[in-house]
Structures are given as structure tokens and as C-alpha cells.
Amino acid sequence: MPNDTAPAALPLSDIELDRIAVQLADGAVVVGIGESTRFARETSEVRDRLSRRLVGEHGFRALAVQDDAAVGAALDAYVRDGEGTAETALAGAWRPWRTAETAAALEWIRAYNRDHADDPVRIYSVKPLQARPADYDAVLAHVCASAPERLAELAAHLDPIRTAHEVDEHVQRARGIHPGRPFAEHARDALALVESVTSEGDTLARMRLIAAYHEHSVAGRANYAGEAESWAEVLTDTQQRTGLRTVYWDGIAHTSAAPTVLGMAPERGPQPTVGSLLRERYGARYVSAAIGFHHGDLGVAVVPDPAPDLLDARLGAAELPAHWLDLREADARREWAGPAKARVISGVYTPERDRAEHLAVASLPEAFDLLVHLREVTPVHYLA
């Protein structure tokens, strides 16, 4: 872990963070805390510090994250049992979670659980079980032993597509490092090959998991919106089964309480989000918070001042280091009523496309109950 990973000196005071947490917790069963980017240290710190207050002061006892079920189980085991380290618990997680900032959040939850063993915080993922790099190794090893003459053909399909576990396929395309053929096609051909040479159950199950991983990826679906219905169902079922008040961490394109139109795919029109489905199910008991920023160096890109028509520009007009708004208050709701476009910075972001890298909502107060805006941000610290 880098040596300079102490909590960021945020421009939001502890008193302000306390007030925000009170507003988030009021009447909420699920609080979605969304970020406009996962590359910013300061937005991660705000998310973490608000979550700590929701746990410590307001009785929230579950954290839902966008990753697969195995990752959720590993994170939950770490914060409950404390075996290993936060870094090892995150080793198989989606790349944006493998940061020193996430590790610090897990360490805090682990310490909290040690002191509250009879009322711990649980962690789970909203995605089903997904393929892991070890699944590729197991499939290749089985074919090597049972049908060695097909091994090279199988490897030609699996070797390129396993790279998606480090850099998502759609990000590879955006960066110009994609090998060419769609990974879902490679995966389907690999599955057909494996089915033709073996009936061994574990190998077939792993290969089917690999195929599903690529077919359901952003590139495989040709859709950035995710699988909102499935993820919302997992979150709702888990919350209702456990009765635990829940914090949900994700990007604002997923936590928005209203459908969104993505600037990179406007032709698709409004798409349901996890948050919009939670709003349908929970009403005002689902509270949606968005954390955004004006400009900064994210490591992967230097983000310029936002275009004038973006929400980020309007929020940044006061040139304050940080401020926040509760859009449920009557005056704020009137002032900020109407449609809005908010910047979204993902792994495919480039400053040249800054105007298109956004989401649009028909009504800002319907999409987000509370806005937190930071003036300037710096990069997260990735784990080794």
C-alpha cells in the first residue's frame, strides 16, 4: 500500500458531514451513495465518512456493492472474522474497488464489528457469482489432461478474453488495446469446444460461468446501464430478508432514483437504474445521494472545468471548496427543478469527449435527494 494514504483533508467539516448523514438517514431503509467517478480520492473519502456515520450514529448495518457474490462473501468474511488483510480480501474484487481508500473503509468496519460483535455490519454484492481467473486455469488444465490436441485451440479463445478481469473489455476498446474479436464470441466458441470434449460437471460449470461473464459484460450487452432489475432484486431481497438498513455504493448512473439517459448512448433513451427500481419499491425510504466534483487530476486523466450546461458547472459557480444541497427542501427543489446533465467519468473517459461523458435526467430532484459537490479532486491510490 502507498505510504501517503492517510484520510484526505476534506473541505467538508465533521459538523457538515454529521448534518449530511442526518439528512440521509431520516426515514431511510436504503441509502444509495453514488459517485460521478471511482477515480477520485476525495469522493471516495466522502462516501466512506458518510457511511461510517450512517453505521455508527444511525443504525445502518449492511453495505451493498457492485461486484459478484464471491467478492461480497470475501469482504463480509474479512469484516466479520478479521482473517487476513483488507488487501487480500480485495484481491479478487473489481479493479475500481482495489484501492487503499476501500481498504481503509473495510478496516474501519472490521474494527467496528470487533466492538459490536452482537450487532455487526454485513457486506454483500448485488451481482451473482461470476467467473474468476482460476476458472480459466481449471478449464485449461482439464482439457490439457483429457484432450491435449484441443488445448492450443482453447487457449486461443481464453487467453485474450481473460484480460477483461484486469481491464474491462469496453475499456480496452476505448483505449485501443482490444485484440479485435468480441470476447463473448470467443467465450461461446470455447464453451462449444469444451462441451465437445468433456462431460465433467465442474469443468462445464466453470466454462459456462466464463461465457456468462462475457455475455453479460458492458461490451457483451453493448449497454453501459448494467442489469438494474437483477441487481435491485438482490438488494431488495437481501434487505427484506435481513431487515438491515443498507448503504449501497455505486456510480450515480446506478444509484439515481430516476431513469437516466447516458450521454455516450443517447439513442437508447431513458434506462431504468437500480436506484429507480428501489424508489419504486421503497418510495421515500430509498434516499439517493450524488457526490460530484468540478475539476481535478484523476491519474487516468486530467479533468477540465465542466461545460456550462452540466450540473457540475452550475454547482461549481460559487467556487466553494465544497458544498451540499438537500433537494427535498422546498426552496432547493424549486431552484433546481427540471432536467439536468451530470458528468460521469468511467474507465472510457477522455477529456476530448468531456461534453458527452454525462448522464441526463428529466428531473434533478427526482433523481437525487442530496448533492455533494467538491471543487477539486486527486487520484485514488491503487493497491499493488
Side-chain angles (χ1 to χ4, degrees), residues 38-39 65-75 77-78 84-100 102-103 106 123-144 151 154-191 193-194 202-224 226-227 230-231 249-251 254 299-300 346-349 380-384:
R38 295 181 176 89
F39 295 117
V65 298
Q66 191 208 131
D67 214 317
D68 83 84
V71 170
L75 301 184
Y78 172 71
T85 66
E87 290 88 341
T88 58
L90 287 164
W94 185 35
R95 175 67 173 167
W97 296 128
R98 301 203 304 265
T99 68
T102 306
L106 295 178
I123 299 180
Y124 64 92
S125 298
V126 298
K127 289 183 177 181
L129 187 68
Q130 294 184 316
R132 322 290 297 172
D135 294 316
Y136 298 74
D137 295 334
V139 170
L140 287 164
H142 181 83
V143 171
C144 180
L151 180 62
L154 179 61
H157 291 305
L158 295 187
D159 287 350
I161 69 176
R162 68 188 298 161
T163 61
H165 293 271
E166 282 301 316
V167 179
D168 291 328
E169 183 183 4
H170 69 285
V171 177
Q172 291 188 33
R173 287 197 179 280
R175 294 179 182 175
I177 60 173
H178 192 279
R181 191 182 184 207
F183 288 179
E185 292 183 8
H186 272 300
R188 286 191 286 269
D189 286 349
L191 174 59
L193 187 158
V194 173
D202 180 68
T203 300
L204 290 174
R206 289 176 184 266
M207 189 58 241
R208 288 168 183 151
L209 207 58
I210 292 169
Y213 176 85
H214 294 285
E215 288 172 347
H216 290 273
S217 70
V218 169
R221 297 190 318 271
N223 190 341
Y224 287 89
E227 297 179 297
S230 171
W231 301 356
W249 287 358
D250 214 327
H254 299 300
V300 296
S346 66
V348 302
Y349 175 84
V380 293
H381 296 82
Y382 287 103
L383 300 172

- Any E87 side-chain heavy atom under 4.5 Å of L106 side chain: no

- From M207 CE over to L193 CG, what is the distance, rounded to the nearest 0.5 angstrom? 9.0 Å

- V71 versus Q130: any side-chain heavy-atom pair under 4.5 Å? no

- Of the non-hydrogen atoms in A164 and Y213, which two are nearest, and what is the gap between them? O-OH, 3.6 Å

- Would you say the side chain of W94 lies within less than 4.5 Å of the side chain of R38, judging by non-hydrogen atoms? yes

- Query: For the residue pair L191 and A211, what are the closest heavy atoms and their distance?
  - Reply: CD2-CB, 4.3 Å

- Does the side chain of W249 come within less than 4.5 Å of W97's, by heavy atoms? yes

- Using side-chain hydrogen bond (donor to acceptor under 3.5 Å, both in side chains) as the criterion, list what pairs up with R206, not counting sequence neighbours. D135, D202

- Task: Would you indicate whether the side-chain heavy atoms of V218 and R173 approach each other to under 4.5 Å?
- Result: no

- Item | Spatial distance of atom CD1 (I161) from atom CZ (R181) [nearest 0.5 Å] | 9.5 Å

- Item | Nearest atoms (heavy-atom pairs only) where A89 meets Y78 | CB-CB, 3.7 Å

- Message: Looking at every non-hydrogen atom in both residues, tell me the closest pair between L129 and A70 and how far apart they are.
- Response: CD1-CB, 3.6 Å

- Task: Could you tell me which non-hydrogen atom of L140 sits nearest to which non-hydrogen atom of L151, and how far apart they are?
- Result: O-CD1, 3.6 Å

- Message: What verdict does the salt bridge (charged side-chain N to carboxylate O under 4.0 Å, His left out) test give for D168 and R95, after you've listed the backbone C-alpha separation in whole Å, the side-chain angles of each residue and the deciding distance to 0.1 Å?
- Response: CA-CA 9 Å; D168 291 328; R95 175 67 173 167; over 6 Å; no

- Task: Apply side-chain hydrogen bond (donor to acceptor under 3.5 Å, both in side chains) to T163 and list each qualifying residue two or more places apart in sequence or on a separate chain.
- Result: Q172

- Here the pair of heavy atoms bringing P160 nearest to A155 is CD-O, 4.0 Å

- Taking side chain as C-beta onward, heavy atoms only, is H216 less than 4.5 Å from K127? no

- Message: Just so I know, are the side chains of D137 and R162 near enough to count as touching, which here means a heavy-atom distance under 4.5 Å?
- Response: yes

- Message: Going by ring-ring contact (aromatic ring centres under 6.0 Å, His included), Y136 matches just one of H165, H157, H186, H142. Which one?
- Response: H165

- Compare all side-chain heavy atoms of H170 with those of V348 and state whether any distance is below 4.5 angstrom. yes

